[in-house]
Amino acid sequence: MRFSKISVSENKEDAQTMSFFAGSYDVVVIGAGHAGIEAALAAARMGCKTAIFTINMDWVGNMPCNPSIGGTAKGHLVREIDALGGEMGIAADKNTLQSRMLNLGKGPAVHSLRAQIDRREYSAYMKNVLENQENLYLCQAEITDLFFEDGNWQTVTKLKAQYSSKTVILATGTFLGGKIYVGDVSYEGGPDGTFAATELSKALYRLNIPIRRFKTGTPARVLKSSIDFTDLEVQQGDSEIVPFSYSTNPADLKNKVVCHISYTNDKTKEVILKNIHRSPMYSGQIEGVGPRYCPSLEDKIVRFADKQRHQLFIEPCGENTQEMYLQGMSSSLPLDVQIDFYKTIKGLENVKIMRNAYAIEYDCVDPTALKPSLEMKQHIGLYGAGQFNGSSGYEEAAAQGLVAGINAARQVLNREPMILARESSYIGTLIDDLVTKGCTDPYRMMTSRSEYRLVLRQDNADERLMELGYENGLVCREKYDSYLKRKAQKTQEIERLESTYIPPSEKLNELLVKMNTVKVNTGVKLADLIRRPQLNYEILADFDPNRPELSPQVCEKVEIEIKYSGYINRQLAAIAEAKRLEVKKLSPDQDYDAIPGLRLEAVEKLKKIKPASIGQASRISGVSPADISVLLIYLEKNRRL
């Protein structure tokens, strides 16, 4: 029999509450959303005895907001998750309703895959994967207490079952201290009608973890048969579907649904402004900070007062459901106002709401309290992942969960943590931004957040990260060998194109004139022709009799690396320079007060963040280039002593 102190109320003394010992694990994961799933699977697949707890077993891998995976920059994250051996890309491919590659009118750095997903089938798939994973125990339980005792973390459920583990990963999503707002009605609750995790917040406060309040929201789900699609814009999927996972056969994917587009209008704006005082955002009820890049409709109406209309996407939630999701229409206005403003929109004049829109406020950590491994600085073996770390989005959550799971397992296995540099991946950029710069509102990944985005393309995620996934035991030999084959084919083909000359001909010059580019009078390298903006690898196929049969994936890599070689080489040089600062390590116990010449603000920030290197220190807000020079001189002086 075990006993632990569990707080009944912050205003009352702790009471001795009986709990019983229920088992011991290497890794315990709290939460089975997108972060928790990847964390638990990674730890279990690396050989660690793992337990994952969820408040509701039927909502494992739930998509409480948009029923989609990917999107701008988010598609990059999913590809990287797959390259490291995560599950999200595979699950998305198996449950795709419609797939589109975004931003094809722009450069390859911002091409991003997005797929509409069958949300209930996705959830069922993930639950099944967890249930059948060796070394993994999936359990429905609310965690109410967490503390460190006898060299291990102790996790206690509401029913007083106590589990001991070497490491714990907090992946609580929006459940932690969750509170729902719809107009002037508010109550404790989690997403999609679930209940909140309230007691765990108190345990984290007792551990002196810096907790704060964030807020997010979701639109209504409406009845498909109540929508008039007659005059709505139709959004089809791509004719050639590109999968998220490198192990998925593109031939297995097909579009099953279409989406539609409509717009708000002056009447919508009028209804919202007339009732804006009833929004908890503007009445002062909501204390949490909302996402800057995904505002509610009422927030958009107020902030962008001159904008005549706002776009919304009407998207199916599944193949066998009447629920439709209204992307871009999140709101916390009262239900009667929601009904009124939705009905002002073309196609929704007679709409019936199946699930109303709402805002949810929740507890999360200040991510600067975390190391780049996602372990807490002040608590050995305690990790954070996903929305608990201040981010937003399924993809951002899954990426962090995967890294936290890998590092928790590596700690159990007495291995050094896996730290992804920001120049290695969008995952590395995401984590570095969170732990180094922090965030004042829910963090969302965008391609503009990376200074190396031409190198960090979604097409080459395997070349950047699959080696790591294989080393961690998360990428199987077959998938790894397939990657090695693609890499070799790409290298050989680029070398061939750089050394293959084709003679001038009337047929070639006809093509060049047709494509509005200059004729050739002498032999020219195929690679040089591909570099011309008007031409590409495929157009020149008829002039290349020795061209090998290559997969679309390899062809894409070949063309991008040839066409953008100059720009890519410049970014690689910048990365090499950045690495020069990353290898100059700083001790976590460094006494910055003792370094003469540092400004007071820099000392304060450096003491808080405890950067692992000069490179990380240079990215801290409030640390100037002059401060970095002082640190470099100090390190050099100490090296010589």
Side-chain angles (χ1 to χ4, degrees), residues 26-27 37-50 75-95 113 125-126 128-136 242-253 398-399 401-421 424-428 456-494 548-558 561:
D26 294 319
V27 180
I37 287 169
E38 298 292 352
L41 289 175
R45 288 168 176 173
M46 290 175 70
C48 293
K49 186 181 178 184
T50 305
H76 292 67
L77 289 173
V78 181
R79 277 284 180 85
E80 292 178 353
I81 290 166
D82 184 72
L84 283 169
E87 193 70 26
M88 177 174 267
I90 298 170
D93 288 341
K94 288 186 179 296
N95 297 284
L113 185 61
Y125 171 89
M126 283 300 200
N128 185 255
V129 170
L130 293 177
E131 289 170 334
N132 289 286
Q133 177 59 51
E134 187 180 356
N135 297 322
L136 183 58
V242 177
F244 281 111
S245 176
Y246 289 99
S247 56
T248 299
N249 183 352
D252 295 337
L253 301 176
L402 180 58
V403 172
I406 289 172
N407 283 328
R410 289 176 74 95
Q411 183 173 125
V412 170
L413 299 170
N414 294 314
R415 296 165 64 184
E416 289 296 311
M418 180 189 76
I419 307 297
L420 295 177
S424 74
S425 56
Y426 274 93
I427 299 178
L456 307 184
R457 306 181 311 275
Q458 62 174 7
D459 67 272
N460 67 358
D462 55 344
E463 295 187 31
R464 294 184 280 109
L465 297 172
M466 200 166 283
E467 188 83 38
L468 273 175
Y470 182 68
E471 288 174 3
N472 281 310
L474 298 178
V475 172
C476 68
R477 184 76 222 189
E478 181 183 0
K479 189 171 183 177
Y480 184 65
D481 285 344
S482 178
Y483 148 68
L484 291 177
K485 181 180 178 181
R486 287 193 305 273
K487 185 179 179 182
Q489 287 176 333
K490 182 206 75 172
T491 301
Q492 292 167 6
E493 180 63 355
I494 289 175
E549 286 290 329
L550 299 172
S551 69
Q553 288 178 327
V554 174
C555 291
E556 180 185 22
K557 291 171 182 281
V558 167
E561 294 203 14

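Starting from 1, each residue takes its place in the sequence as its number.
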Next item on the list: Using a strict 4.0 Å threshold on nitrogen-to-oxygen distance, state whether Glu463 and Arg457 make a salt bridge.
Entry: no
Notebook entry, point to check: With distance as the sole test, does Arg464 use its side chain to make a donor-acceptor pair with the main-chain N or O of Ser424 at under 3.5 Å?
Noted result: yes
Note to self: Using only atom types and a distance under 3.5 Å, with no angle test, would you say the side chain of Glu80 pairs donor to acceptor with the backbone of Ile427?
What the structure shows: yes
Item checked: Donor-acceptor contact present, side-chain Arg410 to main-chain Glu416, <3.5 Å -> yes
Item checked: Pairwise distance CD(Gln458) to CG(Leu77) - rounded to 0.5 angstrom -> 10.5 Å
Item checked: Check: Gln489 side chain, Val554 main-chain N or O, donor-acceptor pair, under 3.5 Å -> no
Checklist line | Of Gln553, Lys557, Glu556, Lys485, the residue whose pairing with Lys490 passes side chain to side chain contact (heavy atoms under 4.5 Å, CB included) | finding: Lys557
Note to self: Counting only heavy atoms from other residues, nucleotides and ligands, does the tally under 6.0 Å from NZ of Lys94 exceed 12?
What the structure shows: no
Checklist line | Asp82 and Lys479 ion-paired at < 4.0 Å | finding: yes
Next item on the list: Output yes when a side-chain donor or acceptor of Asn407 lies under 3.5 Å from a complementary backbone atom of Met418, and no otherwise.
Entry: yes
Note to self: If I take atom CG from residue Leu402 and atom CG from residue Asn472, how far apart are they, to the nearest 0.5 angstrom?
What the structure shows: 8.5 Å
Margin query: I'd like to check Ser482 versus Arg477 (side-chain heavy atoms, cut-off strictly below 4.5 Å). Are they in contact?
Written below: no
